[in-house]
Amino acid sequence: NERGGKDMNKGQKEFLKGLFAIVLFVCVIWKFQVVMEFLKACFAVISPLLYGCVIAFILNLIVIKLEKYMTQSIWRKKSVKRGVSIVLSLVIFLGVIAAMLAGLIPEIINSVKVLQEKLPDMISSTASFIEKTFHMSGDILKELEHFEFDEDMVNKLMKNEAFMTVVKTGGNVIGGIVGVITRFMIGFFFAFYILMQKEELSIKIKRLICTYLPGKASANILNFFKK
């Protein structure tokens, strides 16, 4: 009877797990847009930590090599040895990135040359747009001296879909670039902390994995990271 009760409880648990998975799947499909917005917001919050983990993983490969060569008495203090090795690994990492970007410079120069060739046509198109939009003609620079914005012009620009698309796109691009740079800068601070405390953090993470994951799964994960 006890064994039958245990089997029943196990069957009920499996049934509830399956039911929960189905309900969750239906909710995700039903509110897919809301779920995606929520996931994007979550990623924006935790992305600095994720960047920090990736940067720390890459820098750790260099830190380990550098610490092997720091055998002099001045490096006996672990915190000094670790801090210096992290800074040096960061310099090497940024140097590699700079070298990769340097390889792109010729392509950038070629792009600038192409842009320079197309610049006269772009200027001509811009001048035509300004003349049509602001009712200007002749020498635009002279007209600009006496030009004043009025409410009708502002309203026309705000209603112009092409103009607003350009403004929104430009704002989104600038905002995205600033956001990525900011998250990477915060990620570097996380990486520095992770590398300084990597032994202590490693012990805590192992405990969490062994506590919340099944024995076989936790053993596989720990063996994977040991390799």
Side-chain angles (χ1 to χ4, degrees), residues 35-115 169-227:
V35 172
M36 290 304 296
E37 291 297 327
F38 175 74
L39 291 176
K40 285 180 183 178
C42 290
F43 178 76
V45 173
I46 66 171
S47 58
L49 179 59
L50 295 177
Y51 293 153
C53 291
V54 173
I55 294 168
F57 178 79
I58 296 170
L59 294 183
N60 187 51
L61 301 174
I62 307 172
V63 168
I64 293 171
K65 294 291 183 182
L66 291 174
E67 287 185 346
K68 286 183 180 178
Y69 293 102
M70 292 180 175
T71 55
Q72 293 85 352
S73 59
I74 193 174
W75 307 120
R76 284 179 183 174
K77 195 172 181 181
K78 183 181 175 182
S79 59
V80 175
K81 182 179 180 179
R82 180 63 54 78
V84 172
S85 62
I86 292 171
V87 172
L88 289 175
S89 65
L90 183 58
V91 171
I92 294 170
F93 178 70
L94 294 176
V96 171
I97 292 176
M100 291 172 65
L101 291 176
L104 296 174
I105 289 177
E107 294 296 328
I108 295 172
I109 293 173
N110 290 334
S111 299
V112 171
K113 288 180 179 178
V114 172
L115 181 63
T169 303
N172 291 335
V173 169
I174 294 171
I177 292 171
V178 172
V180 169
I181 292 172
T182 304
R183 288 193 285 271
F184 263 106
M185 293 300 295
I186 298 172
F188 276 113
F189 286 106
F190 275 122
F192 189 86
Y193 173 76
I194 291 169
L195 290 171
M196 285 296 294
Q197 306 290 331
K198 64 179 182 178
E199 287 83 8
E200 293 81 357
L201 290 172
S202 176
I203 293 170
K204 291 177 181 178
I205 291 170
K206 284 178 182 178
R207 285 177 182 171
L208 286 172
I209 291 172
C210 294
T211 302
Y212 293 102
L213 291 178
K216 189 175 181 181
S218 60
N220 290 334
I221 291 171
L222 294 176
N223 287 332
F224 174 79
F225 282 103
K226 276 182 182 179
K227 294 177 184 179

[X] to [Y] - nearest heavy-atom pair and separation:
{"X": "Pro48", "Y": "Ala44", "result": "CD-O, 3.7 Å"}
{"X": "Ile194", "Y": "Ala56", "result": "CG2-CB, 3.9 Å"}
{"X": "Ser47", "Y": "Arg183", "result": "OG-CD, 2.6 Å"}
{"X": "Gly52", "Y": "Ala191", "result": "O-CB, 3.4 Å"}

Result of checking Ile62, Leu66, Asn60 against Ile64 for side-chain contact (heavy atoms from CB on, under 4.5 Å): Asn60
Look up atom [atom1] in [X] and atom [atom2] in [Y], then write down how far apart they are to the nearest 0.5 Å.
{"X": "Leu201", "Y": "Lys204", "atom1": "CG", "atom2": "NZ", "answer": "6.5 Å"}
{"X": "Phe93", "Y": "Ile58", "atom1": "CZ", "atom2": "CD1", "answer": "5.0 Å"}
{"X": "Leu50", "Y": "Ile55", "atom1": "CG", "atom2": "CD1", "answer": "11.0 Å"}
{"X": "Leu61", "Y": "Ile92", "atom1": "CG", "atom2": "CD1", "answer": "11.5 Å"}
{"X": "Ser85", "Y": "Leu90", "atom1": "OG", "atom2": "CG", "answer": "11.0 Å"}
{"X": "Ile86", "Y": "Leu195", "atom1": "CD1", "atom2": "CG", "answer": "4.5 Å"}

Geometric class of the Phe184/Tyr51 ring pair [parallel <30°, tilted 30-60°, perpendicular >60°]: parallel
Arg82 and Glu67 ion-paired at < 4.0 Å: yes
